[in-house]
Number of protein chains: 2
Amino acid sequence: MARRRQAVTIKHVAADAGVSLQTVSRVINNEPNVRPEMKERVQEAIDRLGYVPSIAAQRMSGSRSYLILALNDRDRTIADWRARQGTDWVDQMLLGGMLKCAEHGYRMIFELVDTHSDHVEREILAAIAALQPDGIILTPPHSDNPQLVRFLAQQKIPFVRIGSQENGEGIPISMDDEGSARTATRHLISLGHSKIGFISGDPDYALSGWRVDGWQGEMAAAGLPTDGLLEPGDFTYASGERAARRLLESANPPSAIIASNDQMALATLEVARSLGLEVPRDLSVISFDNTPLVHFTQPPLTAIDQPIAATASMAVELIIAAKKGDPRPEALTVISADLVERGSVASCTAGTRG
Amino acid sequence: MARRRQAVTIKHVAADAGVSLQTVSRVINNEPNVRPEMKERVQEAIDRLGYVPSIAAQRMSGSRSYLILALNDRDRTIADWRARQGTDWVDQMLLGGMLKCAEHGYRMIFELVDTHSDHVEREILAAIAALQPDGIILTPPHSDNPQLVRFLAQQKIPFVRIGSQENGEGIPISMDDEGSARTATRHLISLGHSKIGFISGDPDYALSGWRVDGWQGEMAAAGLPTDGLLEPGDFTYASGERAARRLLESANPPSAIIASNDQMALATLEVARSLGLEVPRDLSVISFDNTPLVHFTQPPLTAIDQPIAATASMAVELIIAAKKGDPRPEALTVISADLVERGSVASCTAGTRG
DNA sequence: TTGAAAGCGCTAACAG
DNA sequence: CTGTTAGCGCTTTCAA
């Protein structure tokens, strides 16, 4: 292949406008100390020639690459893609992150990384060296991988940790998992439910714990017991099935179950059906995440929406702000989540069962 | 922000190995004319220092950017993302394209473009100027946008047109839409169906026509009429609903319907239910694409799988090959698609219906 | 407020 | 086979 050169470079613009390269550079980067008339003249030349700066060249000399790296867990992401069950985490990240990047002239690059591997650092170092990104977005479970977080801090690249509350390096953003769990629990309590079961998520994800905390906190606040109502899961359908079965086959089964993600809620629906329970008449179910499948279940699932797009968008904003030298937010950034009501919740008709 | 320099550059490696920059460069790029022992010595230094070339610098001097641009339709993609119905086209593109890129040290960058806009060229030129990608992947409906295709050809960048059969510039890859439609039709005919309705897709997409062709061809081959059995759709649920209703409420309704995508098949299922028809007993349905929702319908949909991941993977390979100077494939590259049997098809029990 | 010079990290072209 | 030289397009000094 022929050596491809930039069609129109800063030189062409400078020549066309009759100014120096620097002046053009200043206009591109919106720097001060350019007379309005100069600026206008240059801008005209830029438009006329259709000039767009090469990010490679910008990166070579300057401090910005206009690239933001989004790191996701390799195994889980690939497994989700292959399963074709509609998990849309990546899509929502793109929706929020990519579009926000575009607004600012940045691009988002996706990268998959093994969080458990002992050479995480090498993998990431390679990506950093190759791309020289202006910032990095960490998603769960990377966000809480201490090795990784420590390593990134050393690299002095701004990074956001999505789904993280821990103090320490990097900018944490949380999707208010605890608050959402409280919302879901309160919703059920207000409908008369008092035995509310909870299926937790993968303990690798810090947010799993926060969701449990929210449920427990709200139950406690209402003076309701939680003994025997918490079952561990790991976000898989199979784990949800096991957990739901234990909950529903116990001597004192709950009238409502909150599942920490949609797959486990789907499993709960299935177990309920197999036990002859009708949802929501005999059992109310609330799920977390609000992924596509909630539309297709029988009945459609009432769910806590996980505001991934809004969070990714905010992550990009925080990185760009950090890059500009703005101070990082004093407080934890929390993106609130809504409860989306569908058909899987009803009032508790106490005494109807067992 | 401080000016960030590469931590370890080719210079460090050269010094460490006691050779010239050029030799290191040759080793990195796997070029000939390096003695094995030299190569080994350099490789050791690279490993020891954890050196990774900066793609920005590689792009600046060389002819490669190690970036491949994947262009998708802006409106439809964003609409799909927002709808959160589980359309996983983008995910499958990433699964196939991104992973294949990674194998070769390339990265894939996603970009959304308005195909109908009159400044498509400007948008794309901007992306090309900024990124200097080594290749571009066009997806429908961009693949058949003549303005765009002509423009890209002028840029002398290798580009693949997914879902395209037309001759002309660029490397076309087809997912065998006509063949798949034939497969689906043949499957139904073999089960005794003779009145097989077809709901076509958005005419903006060339593949819509090929799917119709396949159905018509196979029907003709079997000596079956198609009058009144073709209804136009545009890939939306609403259009599928209209089309299914017309088909099923006609005086001489089909015993089977092939819908050109899953959304329209879903609509068909709904219309059938509203008409008191049971699927598959009273009506067989085959859908196209095999997106996530096929798992969740009642019954699960038998569908033609659209091999997006395999196609994206192949697209990347073809671009990298073209970049290396390999001749482009003489024949059209066709990725074959499979029929995935689920629960929406049964033998035709002729005469069962009115 | 503007311009000239230097160099980012790497490869192409050529010389040895 | 290996090394030297000259940039790629841009921003950062620094000087005017």
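So you know, we letter chains A, B, ... as the sequences are listed, proteins then strands, and number each from 1. Note that the structure is a prediction, hence the values are computed from the model and not measured.
Residue B:Asn33 places none of its side-chain N or O atoms closer than 4.0 Å to OP1 or OP2 of D:dT2. Within the structure, every side-chain polar atom (N or O) of B:Ser61 is placed at least 4.0 Å from both OP1 and OP2 of C:dA12. Applying the 4.0 Å criterion to OP1 and OP2 of C:dT11, one finds that B:Gln58 has a side-chain N or O inside that range. When the side-chain nitrogen and oxygen atoms of B:Arg35 are compared with OP1 and OP2 of D:dT2, one or more of them lie within a distance under 4.0 Å. For B:Tyr51 and C:dC10, the shortest distance from a side-chain N or O to OP1 or OP2 is below 4.0 Å.
Remark: P of D:dT11 and CD1 of A:Ile55 are 12 Å apart, rounded to the nearest angstrom. In this structure, CD1 of A:Ile10 is placed 5 Å from P of D:dC10, rounded to the nearest angstrom. Distance B:His12 NE2 to C:dC8 P: 10 Å, rounded to the nearest Å. What separates CD of A:Gln6 from P of D:dG7 is a distance of 18 Å, to the nearest Å. A straight line from CD1 of A:Ile28 to C1' of D:dT12 spans 14 Å, rounded to a whole angstrom. Following rounding to the nearest Å, B:Met60 (CE) and C:dA12 (C1') show an atom-to-atom distance of 14 Å. The separation between B:Asn29 atom CG and C:dG9 atom P is 17 Å, rounded to whole Å. Distance NZ (B:Lys39) to C1' (D:dT2): 15 Å, rounded to an integer number of Å.
Taking every heavy atom of residues 124-132 of chain B and every atom of DNA chain C, no pair lies under 4.0 Å.
Between A:Leu71 and A:Ile137, every side-chain heavy-atom pair lies at or beyond the 4.5 Å cut-off. In this structure the side chain of A:Arg64 reaches within 4.5 angstrom of the side chain of A:Lys323, judged on heavy atoms.
Side chain of A:Ser143 to backbone of A:Ile162: a donor-acceptor contact under 3.5 angstrom is found. Side-chain atoms of B:Glu111 do not come within 3.5 Å of backbone N or O of B:Asn72 as any donor-acceptor pair. Looking only at distances, no side-chain donor or acceptor of A:Gln43 sits under 3.5 Å from a matching main-chain atom of A:Ile28. The closest donor-acceptor contact from the side chain of B:Ser65 to the backbone of B:Gln132 lies under 3.5 Å.
Listed by chain and number, the residues in a side-chain contact (heavy atoms from CB on, under 4.5 Å) with B:Leu99 are A:Ile78, A:Leu112, B:Leu95 (sequence neighbours excluded).
Residue pairs satisfying the salt bridge (charged side-chain N to carboxylate O under 4.0 Å, His left out) criterion with at least one member in residues 18-32 of chain B, sequence neighbours excluded, are absent. Judged as a salt bridge (charged side-chain N to carboxylate O under 4.0 Å, His left out), the pairs with a partner in residues 71-82 of chain B (not counting sequence neighbours) are, in order, B:Arg74-B:Asp114, B:Arg74-B:Glu123, B:Arg76-B:Asp202.
Across the helix from C:dT1-D:dA16 to C:dG16-D:dC1, the helix axis at one end is tilted relative to the axis at the other end by 30° (nearest 10 degrees, each axis from five pairs).
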Output a table of nitrogen or oxygen pairs between the protein and nucleotides 3-6 of chain C separated by less than 3.5 Å.
unit_1	atom_1	unit_2	atom_2	d
C:dG3	OP2	A:Ser20	N	3.1
C:dG3	OP2	A:Ser20	OG	2.8
C:dG3	OP2	A:Thr23	OG1	2.6
C:dG3	O6	A:Arg26	NH2	2.8
C:dA4	N6	A:Gln22	NE2	3.3
C:dA5	N6	A:Gln22	NE2	2.6

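Using a 4.0 Å heavy-atom criterion, one finds that B:Pro32 contacts no nucleic acid atom at all.
When distances are taken from the side chain of B:Glu31 to each of D:dC8, C:dA12, C:dC10, the shortest belongs to C:dA12.
Remark: A:Arg122 CZ is loosely packed, at most 12 non-hydrogen atoms of other residues, nucleotides or ligands lying under 6.0 Å away.
Position along DNA chain D of the nearest nucleotide to A:Lys11 versus A:Arg64 favours A:Lys11 as the more 5'-ward residue.
To the nearest 0.5 angstrom, B:Leu131 atom CG is 13.5 Å from A:Tyr66 atom OH.
One finds no salt bridge joining B:Glu169 and B:Arg150 here, because no Lys/Arg side-chain nitrogen approaches an Asp/Glu carboxylate oxygen to under 4.0 Å.
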